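Below is one structure, written out as structure tokens; the observations come after it.
A note on names: the letters A, B, ... follow the listed sequences, proteins ahead of strands, and every chain is numbered from 1. This structure is a prediction, so every number in the text was calculated from the model and none was measured.
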Amino acid sequence: MESEKTKVISVLVENKPGVLHSVANLFRRRNFNIESITVGATQQQDIARMTITVNADEKTLDQVVKQVAKQIDTLTVEELEQGNFVMRELALIKVKITSSKERSDVINFVNVFRGRIIDVSTDSITVEITGGPDKIDAFLNLMITFGVLELARTGITALSRGAKSIRIDE
Amino acid sequence: MPKMSGAQALLESLERQNVDTIFGILGGAILPVYDALYDNKKIRHVLARHEQCAAHEAEGYARASGRAGVCLATSGPGATNLVTGIANAYLDSSPIIAITGQIPTCGVNSSYMIGRDAFQEADIMGITTAITKYNYQPRTVSEIPQIVTNAFHIATTGRPGPVLIDLPKNVQSNIDQVKFTDKHNIRSYKTPQPPDPIKVNQAANLLAKAERPILLIGGGAIAAGASDEIIKISDLLMAPVTTTFMGKGAFPENHPLSLGSIGMHGNPAANRLISEADVLLAIGTRLSDRATTNLDTFAKDAQKIQIDIDAAEINKNIEVDIAIVADAKVSLKMLLTAISEKLKKGEGKAWTKRAKEVKEQLSPLLKENPHDLVPKALLSELRKLLPQNGIITTEVGQNQMWSALYMQALQPRTFISSGGLGTMGFGFPAAIGAKVACPDRMVVDIAGDGSFIMSEQELACSVMEDIPVIVIVLNNSVLGMVAQWQRTLYDRRYNAINLGKTPDFVKLAEAYGAQGIRVDSIDKFKNAVKTAMSSKVTTVIDVPIGSETDVVPFVPPGYGLPQQRGDY
């Protein structure tokens, strides 16, 4: 059995109701494991981009790509080539603060990780951080030592490198 | 642009798709469509007695004719009752259009609106997402013509399948300007590409050099209308041909190279020879568990070529060496030309001789005892009486597997059964639908007593609508297939399988105004079939058979195809 790897798939779909449902439903029905899915607009108003991160071996990934491609509302499916794409995730982390030393420690870590502080109260700091999942995991592990009150992660969104682009003709 | 109601726009759009029949049952949320049907002279409405059967009737119509079948139901329970029928069409890749009424999107009474759990509201769009090729919910009258055109295009092209149109009641009754169109406009829908000539060439090389080639034909070959090409390729290669259960009829089973169907209850010769082949050409089959029985040992000595219109079927169940993703008929035409250029016509192959030998040794057709009232003899006699183009439908269970083994299908679209979903109660409504599509041909439902009572109420439909078909009830007074499993795999711990002697199928038929005949010998059976064939009304022939008769051979779950058991 081949080992499972995290793969990122970029899908362009018609931007209309029900499309996310049918893709999510497909993953559930075929027993594909989604790590994250992000959906948002593209430069073309009527087209949405789904960035799907799955944990799968090659055979399963092949099925994922084919089954997603088969959806009527799917325009294109692309497996992003390892190392040949840029990806980012955004996380909002609310950290518990009990002393001014902790506050300055957290601020230092935020600066090192090039995050931003977006809210402060007497006993908490909320941090915005973007980057690859590894960077966010590393930062999160540091914050856990202070106490994480709340966490929201967006999941990965990604584009391939270079001038290559997928455009759907009207 | 003409002004009309959404319901009228729907009917006119259906007419433009050459729809001549709708199978359905009405209800509150679909009344505007039925009101428009009142004035319609071109479309026949067949009143089913259960929505599930309306969907099966539409599928029977579609599979017999090759054209999309249409069924119609109201919102809520009408729509959810269609679900099994839609799922059946999805798993067997049959083109049906299911139209459901839906409660309004807005109106005078705002509590009676989609999304507020009003009376007879069901989220049929959500419910059918996983069992339709696509579904639509028009929100305005003007969208309807384009949606109907698109729905038929999706249902009937590529790998066919069901499409649902959920029509809110206010959209049915609203009046607006309507522009009709025959052009589909789905930019994201991928129509099949022509076969890759490189792959076709590789496949031709492999087949031309093969010593022991075998063809495995699935339902996709019937959908593609590829039977002529299959016959030519098998004749050219002198390759024996087997089908999946769904492929029955794609290749004439009385052809010398036919081995019948493979699978769990496959023909022994087919199950044996597919395991001896060195090159397998699989056409339009998903190589399902019931066909392959064990993925690891399936045709393990063969290099495999797979032709399928659905890219997702390649390597899904079985890894193949060469894949051609395209229409089967187009691919086979190219393959035929490529093979004839490469093939050296030589002496008769040892493989052909071997296939003939195995077939003679193992064929269950040759061992029949013509006098016993057993399925083997009954179905052989039926085959002799039924014209070549007679249409056979089956229920699900032992009756279905006996039909697979003993009822030769000689033409495409003459063997219609619930292969993927295995829906008991499918055969009778499917027979009604097939008869509507082909009124000049004989249609016979081979049934079991357990399955037939699941849609027995459609006798009312067939009598009232004047759609005469023949139902042969192989009546063993038990739910036979599960009884067989309890007998062989659960140590005869019979539970919940006894159906007793009820109902009396002759009286049941008569109660509905149909004809009922009970037989107790092969001769009486033959006479009953002849009587039924000349009858203007549906006939139910009740044939009592032994309750412990097994379907053999049987490949137990997990075993490979040649490891079939049972004295056959």
Side-chain angles (χ1 to χ4, degrees), chain A residues 1-2 9-32 34 37 39 41-50 52 54 56-79 166-170, chain B residues 87 90-91 93 105 114-115 123-139 143 147 150-155 157-164 166 184-193 286 295-296 306 308-320 323 325:
Chain A
M1 183 87 191
E2 202 201 336
I9 302 163
S10 190
V11 190
L12 294 184
V13 296
E14 295 286 356
N15 189 6
K16 56 185 182 190
V19 180
L20 176 61
H21 174 232
S22 62
V23 171
N25 203 39
L26 163 74
F27 275 72
R28 179 194 54 74
R29 184 163 79 85
R30 301 263 175 205
N31 208 16
F32 300 145
I34 305 182
I37 182 165
V39 190
T42 64
Q43 74 279 18
Q44 284 168 280
Q45 224 180 15
D46 52 352
I47 294 172
R49 182 185 296 275
M50 289 186 186
I52 303 168
V54 288
D57 57 33
E58 278 302 328
K59 188 176 158 64
T60 310
L61 184 75
D62 179 61
Q63 266 296 304
V64 169
V65 169
K66 284 170 173 171
Q67 293 290 351
V68 172
K70 192 171 147 178
Q71 295 293 304
I72 306 286
D73 284 321
T74 299
L75 291 149
T76 66
V77 186
E78 191 188 20
E79 186 201 340
I166 314 165
R167 223 196 130 77
I168 306 301
D169 295 328
E170 294 299 314
Chain B
Y90 186 70
L91 278 175
S93 305
T105 57
I114 289 182
D123 173 22
I124 201 63
M125 296 290 286
I127 290 169
T128 58
T129 298
I131 53 164
T132 50
K133 202 169 161 188
Y134 201 62
N135 55 21
Y136 285 103
Q137 190 178 65
R139 293 299 181 112
E143 289 171 73
I147 282 178
N150 288 355
F152 275 79
H153 180 63
I154 291 172
T157 58
R159 179 180 188 164
V163 176
L164 178 126
D166 191 36
H184 49 86
N185 68 344
I186 328 155
R187 63 174 173 179
S188 55
Y189 181 58
K190 294 145 284 284
T191 40
Q193 298 295 304
R286 67 168 164 266
L295 295 178
D296 299 329
Q306 188 180 4
D308 207 291
I309 201 160
D310 181 356
E313 287 308 339
I314 307 296
N315 294 339
K316 185 175 89 178
N317 292 331
I318 299 278
E319 301 261 342
V320 296
V325 180

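Between the side chain of B:S93 and the main chain of B:R159, no donor-acceptor pair closer than 3.5 Å is present. At distances below 3.5 Å, not a single donor-acceptor pair connects side-chain atoms of B:T132 with backbone N or O atoms of B:P162. Looking at B:N150, its side chain does come within 3.5 Å of a backbone N or O of B:N185 through a donor-acceptor pair.
For B:D310, the part lying under 4.5 angstrom from a heavy atom of chain A is the side chain only. Interface remark: B:I314 contributes backbone and side-chain atoms alike to the contact with chain A (heavy atom separation under 4.5 Å). For B:Q137, no part lies under 4.5 angstrom from a heavy atom of chain A. Contacts of B:K316 with chain A are made by both backbone and side-chain atoms, with heavy-atom separations under 4.5 Å.
Rounded to the nearest 0.5 angstrom, A:I52 CD1 and A:E79 CD are separated by 12.0 Å. Going from atom NZ of A:K66 over to atom CD of A:Q71 covers 15.5 Å, rounded to the nearest 0.5 Å. Note: A:L12 CG to A:T42 OG1 = 6.5 Å, rounded to the nearest 0.5 Å.
Side-chain contact between A:M50 and A:V19 is present, with at least one heavy-atom pair separated by less than 4.5 Å.
Between chain A and the options B:S188, B:G158, B:G126, B:A312, heavy-atom pairs under 4.5 Å are most frequent for B:S188.
Residues of residues 22-30 of chain A that come within less than 4.5 angstrom of chain B, heavy atom to heavy atom, are A:S22, A:N25, A:R29, A:R30 in numerical order.
Side-chain contact annotation: A:D62 with B:N315, donor-acceptor N/O pair under 3.5 Å absent.
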